[in-house]
Structures are given as C-alpha cells and as structure tokens.
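Heads up: the structure comes next, in structure tokens.
No hydrogens, no waters, no symmetry mates; every other heavy atom, side chains included, goes into these values. Fair warning: this is a prediction, and the values are worked out from it, not measured in the lab.
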Amino acid sequence: MEIVILPDPGAVARFGAAVLADLVRREPGAVLGLATGSSPLGIYAELAGLVSAGELDCTRATGFALDEYVGIPEDHPQSYASVIRAEVVEPLRMDPARVHVPDGRAADIPAACAAYEAAIRNAGGVAVQILGIGANGHIGFNEPTSSFASRTRIKTLAPRTRADNARFFDDPEDVPTHCLTQGLGTIMDARRLLLVAQGGGKAEAIAATVEGPVTAMAPGSILQHHPAVTVVVDEAAASKLRLADYYRHVFENKPEWQRIAVPPAS
Ligand code: GLP
C-alpha cells in the first residue's frame, strides 16, 4: 500500500484530485468509482475548480457510486443519487446519463444489484475507485463481518453508522436501516483504489486498515490484498499509524515516475 501523509485536509483534496484529473486527461472516457460521505468532498471541489477553469473535461467520463440507501425516495436530499448529482455530476459537468447509483427503490432488489454489477462490467470496470472509511472501518457500506467475496447487495446498517450519518437527517430515526452497496469483491476489482480520510475520528480505522490484521471485523483491511492502493490521510487521521515516519520517508524518496500512476486497463 502507498501511504501518503499530508499536513491538512486541503492537501489531501489536492492530491486526490490530481490522481483523478491525471486519469481523465489520459483517458477521457475513464470509469470513475464515486464515493459519498464528507471525506471526498474536497476532491470533488478541487476537480470542479479545474473544470470551471477549463483545465479538465469530464463530459465523457462514466461514474459508478458505491452505495445508496434503501427506503428513501430518489429525490430526497440525502439519497446518494441526490448527493452524487449535487456534489459530483453538476459541479464536474458530467453527463448524468453516464453516472450510475444503485437503485435502492427497485421492486426486485437482487435483480437491481445484479444489473449494477453487469453495468460496471459492461463499462469495462472501474479505473479509480475513491473510498472514504467509516469510523468502524466500513468501506462503501460494507459493515464489519462483510464477506471479502461480496458483490453488490442489500445490507443492514450498523448502529454506529446510523448514528454517524444522523447528522445529515432532521431526526436520527429518519436514517434508513438498509442500503445497497458494492461488495468488497466488487470494490477490489477496480484497477486502483484511492482511500481518503481526514481527522482524528478516522485514526483508528486507518491504522486497522493499513497495519492491522486482514479481518472482516475491519472491512477496509482487505485493501492490503489489492496491488494498487493509495491511502491519503492528513496528520490527524495518520496519528495512530505506527510506521508513519517510514511512510513519510518512502513518499519523500519516491521516484517521480512512481507517483500517481493508474495501472493501464488490461
Ligand atoms: C458513509 C458512506 C461511506 C463513507 C463513510 C464515511 O456512510 N457509505 O462511503 O466513506 O460512511 O463517511 P464520511 O466521509 O462522511 O466520514
């Protein structure tokens, strides 16, 4: 894993945006794996700045969101379809027809999940998947004990996740109990993974992901098995990493050609 420790959330956002902008400039039709939550918002804002300045064109890129709530209407402001539209599609001027979110309102949930997997496959797979991490170590909505082989499916949210996400809803009781999420197996199929985290509240989850044993109790730890993962964190989120000084040394001494590379599509 490549661990990049940067001074503050602004630097994390600029680094993440550089990875994605580099990809889209080289592959204008690239498939981007989009995440919701607050962690990637700075990246999207940086990318939007490049788009408005005429330095980046995302109109031909495709996007697949990681997850969606079940049980709230698509036009609810906290549905991930709404969030992706407001935070990604509109500011990055992406083509809405090319940006996909799992259908949490489908009458046939297993069929909708299978269709989502097929759509990702038919698009050629995800080039770079952006990931945040839950305080309990979840990625997407793959809560602790999710199968490492899982594909897109319905999940029950952990009480801690519902409590963490209550800040987005008027009443904590309004937080949905279920969601659709890409599985850990789906996420692991992306060519490159870019995990971002800021703040001391994520320090434990980041340490478990990077340095802990690979265990379904810390779903992010499966990333240790992916050949092209970059974990970009600010100092606070890095504060529980035992080998932080080593990661800084590695990054500072890395040859330029080895930085920010997305493996070519096979
Ligand atoms: C949410 C999302 C995840 C996100 C995580 C952390 O519930 N499903 O994709 O990474 O929890 O959220 P935040 O970035 O707001 O801390």
Check the side chains of Arg153 and Ser147 for a donor-acceptor pair under 3.5 angstrom, ignoring hydrogens and angles.
no

May I ask you to test the Leu66-Thr36 pair for a side-chain heavy-atom distance under 4.5 Å?
no

Run the salt bridge (Lys or Arg N to Asp or Glu O under 4.0 Å) test against Glu204 and tell me which residues pass, sequence neighbours left out.
Lys240

The reported gap from CD1 in Ile154 to SG in Cys113 (rounded to nearest 0.5 angstrom) is 7.5 Å

Could you walk me through whether Leu194 and Val232 pass the side-chain contact (heavy atoms from CB on, under 4.5 Å) check?
CA-CA 7 Å; Leu194 181 70; Val232 192; 3.8 Å; yes

Please test Thr230 against Val19 for side-chain contact (heavy atoms from CB on, under 4.5 Å), starting from the C-alpha separation and ending with a verdict.
CA-CA 10 Å; Thr230 301; Val19 172; over 6 Å; no

Note, Ile120 side chain near Val31 side chain (heavy atom, < 4.5 Å)
no

Rounded to the nearest 0.5 Å, how far apart are CE of Met1 and OG of Ser221?
8.5 Å

Atom CZ of Phe168: over 12 foreign heavy atoms under 6.0 Å:
yes

Salt bridge or not for Lys202 and Asp234, using N-O below 4.0 Å?
no

Could you report the tightest heavy-atom contact between Phe148 and Pro219, atom names first, then the distance?
CE2-O, 4.3 Å

Given the rule that I, L, V, M, F, W and Y join up when any side-chain heavy atoms are under 4.5 Å apart, are Ile84 and Leu180 in one cluster?
no

Under a 4.5 Å cut-off applied to non-hydrogen side-chain atoms, are Cys58 and Val51 in contact?
yes

Counting only N and O atoms by type, is there a donor-acceptor contact under 3.5 Å from the side chain of Gln198 to the main-chain atoms of Asp8?
no

Output, in order, the C-alpha distance, side-chain angles, deciding distance and verdict of side-chain contact (heavy atoms from CB on, under 4.5 Å) for Leu32 and Met94.
CA-CA 11 Å; Leu32 310 179; Met94 293 179 79; 4.3 Å; yes

Enclosure of Arg60 CZ (heavy-atom neighbours >12, cutoff 6.0 Å)
no

Taking only residues two or more places apart in sequence or in another chain, which ones pass salt bridge (Lys or Arg N to Asp or Glu O under 4.0 Å) with Glu90?
none

Glu74: what forms a salt bridge (Lys or Arg N to Asp or Glu O under 4.0 Å) with it, not counting sequence neighbours?
Arg85

Could you tell me which non-hydrogen atom of Val210 sits nearest to which non-hydrogen atom of Gln224, and how far apart they are?
O-NE2, 3.5 Å

Has the side chain of Gln182 got a donor or acceptor atom that lies under 3.5 Å from a matching backbone atom of Ala65?
yes

How far apart are the closest heavy atoms of Ser38 and Arg167, and which atoms are they?
OG-NH2, 3.3 Å

Looking at Ala21 and Leu50, what are the two nearest heavy atoms and their distance?
CB-CD1, 3.9 Å

Whether over 12 other heavy atoms sit under 6.0 Å from Asp108 CG:
yes

Ignoring hydrogens and angles, tell me if any N or O in the side chain of Glu143 forms a donor-acceptor pair with the backbone of Ala158 under 3.5 Å.
yes

How far apart are the closest heavy atoms of Ala205 and Ala135, and which atoms are they?
CB-O, 3.9 Å

Any donor-acceptor pair under 3.5 Å linking the side chain of Glu87 with the backbone of Leu41?
no

Electrostatic pair Glu117:Arg151 at N-O distance under 4.0 angstrom:
yes

Take the angle between the ring planes of Phe141 and Tyr69 and call it parallel below 30°, perpendicular above 60°, tilted in between.
tilted

Taking the side chain as everything from C-beta on, heavy atoms only, tell me whether Asp189 gets closer than 4.5 Å to Val126.
no

NE2 of His249: more than 12 outside heavy atoms within 6.0 angstrom?
no

Quick one: does Arg191's side chain have a donor or acceptor within less than 3.5 Å of a partner on Ala228's backbone?
no

Can you tell me how far the OH atom of Tyr44 sits from the CG atom of Leu34, to the nearest 0.5 Å?
5.0 Å

Cluster question for you: counting only ILVMFWY and a side-chain heavy-atom cut-off of under 4.5 Å, with indirect links fine, are Val70 and Leu157 together?
no

Tell me whether Ser52 contacts the main-chain N or O of Ala48 through its side chain, where contact means a donor paired with an acceptor under 3.5 Å.
yes

Can Leu131 and Leu223 be said to form a side-chain contact (heavy atoms from CB on, under 4.5 Å), step by step?
CA-CA 11 Å; Leu131 296 167; Leu223 303 194; 4.0 Å; yes

Measuring from Cys179:SG to Asn165:CG, what's the distance to the nearest 0.5 Å?
10.0 Å

Could you measure the distance from the CZ atom of Arg121 to the OG1 atom of Thr186? Nearest 0.5 Å is fine.
9.5 Å

Do Met217 and Ile206 sit in one hydrophobic cluster, given that two such residues count as connected whenever their side-chain heavy atoms are within less than 4.5 Å of each other, even indirectly?
no

Name of the residue among Leu56, Leu92, Ile130 meeting side-chain contact (heavy atoms from CB on, under 4.5 Å) with Leu20
Ile130

Check whether any side-chain heavy atom of Val229 sits under 4.5 Å from a side-chain heavy atom of Glu2, and report yes or no.
no

Can the ring centres of Phe169 and His76 be said to be less than 6.0 Å apart?
yes

Cluster link Leu193 to Tyr247, ILVMFWY, side chain under 4.5 Å
yes

Just so I know, are the side chains of Ser150 and Asn142 near enough to count as touching, which here means a heavy-atom distance under 4.5 Å?
yes

Ala190 backbone acceptor or donor facing His226 side chain under 3.5 Å
yes

Ignoring hydrogens, what is the shortest heavy-atom contact between Ala238 and Val233? Give both atom names and the distance.
CB-CG2, 3.8 Å

Using only atom types and a distance under 3.5 Å, with no angle test, would you say the side chain of Thr181 pairs donor to acceptor with the backbone of Asp67?
no

Looking at side-chain heavy atoms only, is the closest gap between Val88 and Val99 below 4.5 Å?
no

Linking I/L/V/M/F/W/Y whenever any side-chain heavy atoms sit under 4.5 Å apart, do Val196 and Leu47 land together?
yes

Could you tell me whether a side-chain N or O of Glu68 sits under 3.5 Å from a main-chain N or O of Asp103, the two making a donor and an acceptor?
no

Can you tell me how far the CD1 atom of Ile5 sits from the CZ atom of Arg248, to the nearest 0.5 Å?
4.5 Å

Any donor-acceptor pair under 3.5 Å from Arg192 side chain to Ala127 backbone:
no

